[in-house]
> 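Take a look at this one; I'll ask things after.
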2 protein chains.
Amino acid sequence: MDTAEANLSRKGERTRQTLLDSAEKLFAEKGFYGVTVRAIAKEADADPALVAYYFGGKRELFDAVLLRRAERLNQIRLDRLEQCERDAGPEGPSVEDIIASFTEPLLDRSENGGPGWKSYFALIGQVTNSPEWGADVMAKYFDPIVRRFLEALRRALPDAPDEELFWCYHFLSGALVLTFAETGRIDSLSGGLCKSNDLSAVHRRLPLFVGAGFRRLCAESPASSAQSDLDATQ
Amino acid sequence: MDTAEANLSRKGERTRQTLLDSAEKLFAEKGFYGVTVRAIAKEADADPALVAYYFGGKRELFDAVLLRRAERLNQIRLDRLEQCERDAGPEGPSVEDIIASFTEPLLDRSENGGPGWKSYFALIGQVTNSPEWGADVMAKYFDPIVRRFLEALRRALPDAPDEELFWCYHFLSGALVLTFAETGRIDSLSGGLCKSNDLSAVHRRLPLFVGAGFRRLCAESPASSAQSDLDATQ
DNA sequence: GTCTATAGCTTGATAGAC
DNA sequence: GTCTATCAAGCTATAGAC
């Protein structure tokens with residue numbers, strides 16, 4: 001009865017999780033400074049003092065929110081990438097397959113994981129673009145999995161200089177986090193034709209879009225890409 | 001002597017601009033809620049009460065910060081696009097040329113416009129990814145210029161369905177605002193090989209990367225692109 | 001493990017002197 | 001136009017009852 005399973009049903013652990021859920025939701029909506037400990041406690045139907053009891057303080061609660069799903073997400077992404085590599089032929093998975101392994105776990109959790117995951121990804125979207133947290137927090141929780149994906153991409157694009165791979169990943173990252181921020185911007189810009197929460201639309205497009213960018217910049221085969229670059233740019 | 005030029009040198013107008021500069025810098029660093037009116041006034045060496053006097057309140061100051069450079073930036077971008085269209089042959093500018101017209105004004109202002117522009121773009125990066133401001137604020141200040149660019153792209157990609165164009169723009173937008181957030185993430189991820197503030201590196205890469213994505217998804221000529229899609233994805 | 005009570009500050013806004 | 005003084009409200013954090 002002292003398993004992790006049993007721990008989850010203990011009274012205090014339930015309160016702790018509820019506080020994490022509420023904090024996740026509110027931080028995702030208004031950012032770290034836009035939310036008060038009292039608001040989080042009220043949303044969780046708990047006492048504000050419990051934030052200090054379980055986490056130490058507001059900042060530590062923020063870190064706990066970020067960590068909770070990062071661990072699960074990284075495991076899912078790693079499994080998905082390894083599956084993708086097993087399924088590929090001896091030449092290895094394509095750039096697009098690798099990118100899909102990186103992005104699809106987010107799509108899946110956002111669609112099928114419940115509202116907590118949606119909030120979590122929206123929060124990541126804000127943290128990523130913040131000068132205050134963007135470098136340190138993202139490195140802390142996601143560097144290992146990103147490096148693992150970059151290795152896979154390096155094998156798929158053997159002629160690519162590392163510098164190109166990092167910049168391509170950077171562009172991918174920007175497109176990805178804006179997508180999962182689901183701000184509603186594309187809805188109003190397109191007059192309702194496209195919807196922020198239509199993640200299957202993203203599923204069809206993002207790996208192709210980003211894959212084309214990787215191929216263009218990472219010049220998988222210099223001879224063939226030089227040709228297309230020339231007539232594309234001039 | 002009652003020209004706009006003269007107005008800029010009037011005592012009160014100078015205070016107003018200094019408050020805008022300080023607010024821009026601090027909002028860019030910690031977001032709307034992470035900054036206090038007192039901190040802004042202190043940074044500007046002015047009295048906190050002057051925020052109410054000139055702007056009405058904190059929120060109105062925030063709007064004034066966003067508006068100030070949006071107006072100038074939109075004019076620069078429009079001029080740049082029209083120049084690009086004039087310079088192009090009868091077949092019109094390429095996708096890459098149009099994208100460069102959209103992104104280069106940001107690169108130029110960030111490099112040559114002084115620190116205020118850098119702060120401004122970092123702030124835009126945060127606002128864009130925020131569920132609270134991402135849709136409304138961005139639409140308010142940037143919808144007209146974005147629609148103008150989408151029209152240009154529609155001419156360059158005559159077979160593209162509108163839906164594809166909007167999603168491609170969405171991916172472009174994500175990559176762009178993360179770039180100008182200059183969070184330092186790529187610096188640590190790449191171990192110093194790439195630098196967030198190396199905007200000439202972006203200048204060389206972003207239009208090619210994004211252009212390839214547009215071409216892939218918007219299938220400029222179905223016959224030719226179908227071929228490359230096929231051998232790319234499977 | 002949960003709650004009350006409260007300490008000790010800081011917040012945005014404003015009234016009114018100069 | 002600028003400043004001082006101040007308000008009412010809200011903030012995080014904590015000590016201690018239960």
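Side chains included, hydrogens not; waters and symmetry mates left out as well; all remaining heavy atoms used. Letters A, B, ... are given to chains in the order of the sequence lines, protein chains preceding strands, and every chain is numbered from 1.
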> Rounded to the nearest Å, what distance is computed from the CD atom of residue B/Glu60 to the C1' atom of nucleotide C/dG12?
11 Å

> Any idea which of C/dG12, D/dG1, C/dT2 is nearest the B/Val37 side chain?
C/dG12

> Applying the side-chain contact (heavy atoms from CB on, under 4.5 Å) test to A/Leu172, which of A/Val177, A/Leu153, A/Val210 qualifies?
A/Val210

> Between atom CD1 in B/Ile40 and atom C1' in C/dA13, what is the gap in whole Å?
14 Å

> Please report, rounded to the nearest Å, how far the P atom of C/dC3 is from the CG atom of A/Leu19.
10 Å

> Looking at C/dT14, D/dA15, C/dA13, which one has an atom nearest to any side-chain atom of A/Ala49?
D/dA15

> Nearest whole Å is fine: how far is C/dT2 P from A/Phe55 CZ?
11 Å

> Given C/dT4, D/dA13, C/dA13, identify the nucleotide with an atom nearest to the side chain of B/Arg38.
C/dA13

> Among D/dT14, D/dA13, D/dG1, which is the nearest nucleotide to the side chain of B/Tyr54?
D/dG1

> How many whole angstroms separate atom NZ of A/Lys42 from atom P of C/dT4?
14 Å

> Whole-Å distance between D/dC11 P and A/Phe32 CZ?
13 Å

> Atom CG in B/Asp97, atom CG in B/Leu81: separation rounded to 0.5 Å?
10.5 Å

> Rounded to the Å, how far apart are A/Lys58 NZ and C/dC9 C1'?
15 Å

> Is the phosphate of D/dG1, meaning OP1 or OP2, less than 4.0 Å from a side-chain N or O of B/Lys11?
no

> Step by step, work out the salt bridge (charged side-chain N to carboxylate O under 4.0 Å, His left out) result for A/Asp21 and A/Arg68.
CA-CA 10 Å; A/Asp21 291 340; A/Arg68 180 171 58 156; 2.9 Å; yes

> Could you work out which one of C/dG12, C/dG1, C/dC3 sits closest to the side chain of A/Asp47?
C/dC3

> Provide, to the nearest angstrom, the distance between the CD atom belonging to B/Glu13 and the C1' atom belonging to D/dT2.
16 Å

> Tell me whether the side-chain N/O atoms of A/Thr15 come closer than 4.0 Å to OP1 or OP2 in C/dG1.
no

> Pick from A/Tyr141, A/Phe27, A/Phe32: which one makes a ring-ring contact (aromatic ring centres under 6.0 Å, His included) with A/Trp133?
A/Phe32

> Of A/Thr36 and A/Tyr53, whose nearest nucleotide on DNA chain D comes first from the 5' end?
A/Thr36

> Could you please name the option among C/dA13, D/dT2, D/dA13 that lies closest to any side-chain atom of B/Leu50?
D/dT2

> Could you give me the CA-CA distance, side-chain angles and deciding distance for B/Lys25 and B/Glu29, then say whether salt bridge (charged side-chain N to carboxylate O under 4.0 Å, His left out) is met?
CA-CA 6 Å; B/Lys25 172 167 184 275; B/Glu29 288 170 4; 3.8 Å; yes

> Quick check on D/dC11: is either OP1 or OP2 less than 4.0 Å from any side-chain nitrogen or oxygen of A/Tyr33?
no

